[in-house]
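Notes for the one structure printed next.
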Number of protein chains: 2
Amino acid sequence: MKTLGAPALVLASLIFGVSALGATQRAADRGSPIYGVKLPSGYRDWKLISVAQENGKNDDIRAILGNEVAVRAFRQGIRPFPDGSVIVRLAWRYQSSPRNDAVFPGPQSFVAGPPTNVQVSVKDSKRYATTGGWGYGQFEAGLPNPDPAVVQSCFACHRKLATLEKDADFVFTAYSQ
Amino acid sequence: MKTLGAPALVLASLIFGVSALGATQRAADRGSPIYGVKLPSGYRDWKLISVAQENGKNDDIRAILGNEVAVRAFRQGIRPFPDGSVIVRLAWRYQSSPRNDAVFPGPQSFVAGPPTNVQVSVKDSKRYATTGGWGYGQFEAGLPNPDPAVVQSCFACHRKLATLEKDADFVFTAYSQ
């Protein structure tokens, strides 16, 4: 039986590589299931809205950033959020920092570990009319989580806020000065 | 004895008000004790470097932002930080959120409460040569804390990092993707 020569192997790797890259790009282009929400370009440079920390299953520390439309609405207290508002929640593993604690007065320092996922909320009152005007996506390593149940759980939780606060427009985060 | 008439009272309030405003402005202009570090204009719009949480006396949740020079250095791993780098650490009271917990699966949500203080680190290797090239300031409600001991404690703590990590350039925070 003939074995594949080196040039054929290189060619196969290239084809496989290009094809994998293509599949990754297509997944990114499709966006999240149900909503088609994409990871916004340049979101890591966006302005800070606030920070938070979650215990339990999430066990993370997080930052909430917004595009210009969202940040203006937060700062000016505009509700409901205008169409075009995009809110991005970044989260990292919540980790004790033995390195900082070695310098600080006691064991007190917790920092951001490896990234867990990025959640994106997009306001489009027409396109997402059945979910309070918000479309959702969750991204891991830059790619949308393909499980529809993940994004279905977003509005299932955010909608509960409406029972507590009519004016929250389904948004948990408050702006921190 | 003649009492002051209304116009005189108004005039006195105006003079006192303007003078108090002037004193506030002068305090802001002077910057921090020892270093003369000022609260950088527009810092609240700067890019996010990372987040952290401190127990103990601080009991806060925090965000670390940077100007363009600092963020570029963080992202490209440039150490020591170039002159002109400015790092701003915002902190808020670390608060449990009964409102979020009412919606979440359990008592798990902690959010940013009222702001505590803002700490600013400015890199200027010539001006601050005796403190590792860094000048420090702590600001409360926009004004520099006037106690020299407060900013003296900054480098006293940051310098200890050098015993652990030579390449940290006295900076605790690592950039979070």
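The chains referred to below are lettered A, B, ... by the order of the sequence lines, with proteins before strands, and numbering in each begins at 1. Here the structure is a predicted model, which is why all the values come from computation and not from measurement.
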Would one find more than 12 heavy atoms of other residues, nucleotides or ligands at under 6.0 Å from atom CG of B:Asp29?
-> yes
Could you check if a side-chain atom of B:Phe155 sits within less than 4.5 angstrom of a side-chain atom of B:Tyr35, using non-hydrogen atoms only?
-> yes
Among A:Ser109, A:Ala102, A:Ser176, who wins on heavy-atom pairs under 4.5 Å with chain B?
-> A:Ser176
Give a yes or no answer on whether the side chain of B:Arg44 reaches the backbone of A:Leu48 with a donor-acceptor pair at less than 3.5 Å.
-> yes
Can any side-chain N or O of A:Asn67 pair as donor or acceptor with the backbone N or O of A:Gly84 at less than 3.5 Å?
-> yes
Pick one of side chain, backbone, both or neither for A:Arg99, based on which atoms fall under 4.5 Å of a heavy atom in chain B.
-> both
Do A:Gln53 and B:Gln53 have a side chain donor and acceptor closer than 3.5 Å?
-> no
Chain A contact via B:Ala156 - which portion, at a heavy-atom distance below 4.5 Å = neither
Kindly indicate whether the side chain of B:Val88, heavy atoms from C-beta on, has any atom under 4.5 Å from the side chain of B:Pro40.
-> yes
Contact origin within A:Ile49 toward chain B - heavy atom pairs under 4.5 Å | backbone
Flag the one option from B:Lys57, B:Gln108, B:Gln95 with the top tally of heavy-atom pairs under 4.5 Å to chain A.
-> B:Gln108
Would B:Ile64 end up clustered with A:Val103 when hydrophobic side chains under 4.5 Å apart are linked, directly or stepwise?
-> no
Quick one: which residues of residues 111-137 of chain A reach chain B at under 4.5 angstrom, heavy atoms only?
-> A:Val111, A:Ala112, A:Pro115
How would you list, in number order, the residues of residues 158-165 of chain A that have a heavy atom less than 4.5 Å from chain B?
-> A:Lys160, A:Leu161, A:Leu164, A:Glu165
Is chain B contacted by the side chain of A:Asn58, its backbone, both, or neither, given a heavy-atom distance below 4.5 Å?
-> side chain
Between A:Arg75 and B:Asp45, does at least one N-O distance fall below 4.0 Å, as a salt bridge requires?
-> yes
Identify which of A:Phe104, A:Trp46, A:Tyr94 forms the greatest number of heavy-atom pairs closer than 4.5 Å to chain B.
-> A:Phe104
Do B:Tyr43 and B:Phe139 make the cut of ring centroids closer than 6.0 angstrom?
-> no
Indicate yes or no for a side-chain donor-acceptor contact from A:Asp169 to the backbone of A:Val171 under 3.5 Å, with no hydrogens or angles considered.
-> no
Mind checking whether B:Tyr175 and A:Ile61 sit in one hydrophobic cluster, side chains of I, L, V, M, F, W, Y counted as touching below 4.5 Å?
-> yes
So, for A:Phe81 and A:Phe170, is the gap between ring centers shorter than 6.0 Å?
-> no
Side-chain donor/acceptor of A:Trp92 to backbone N/O of A:Ala63, under 3.5 Å = no
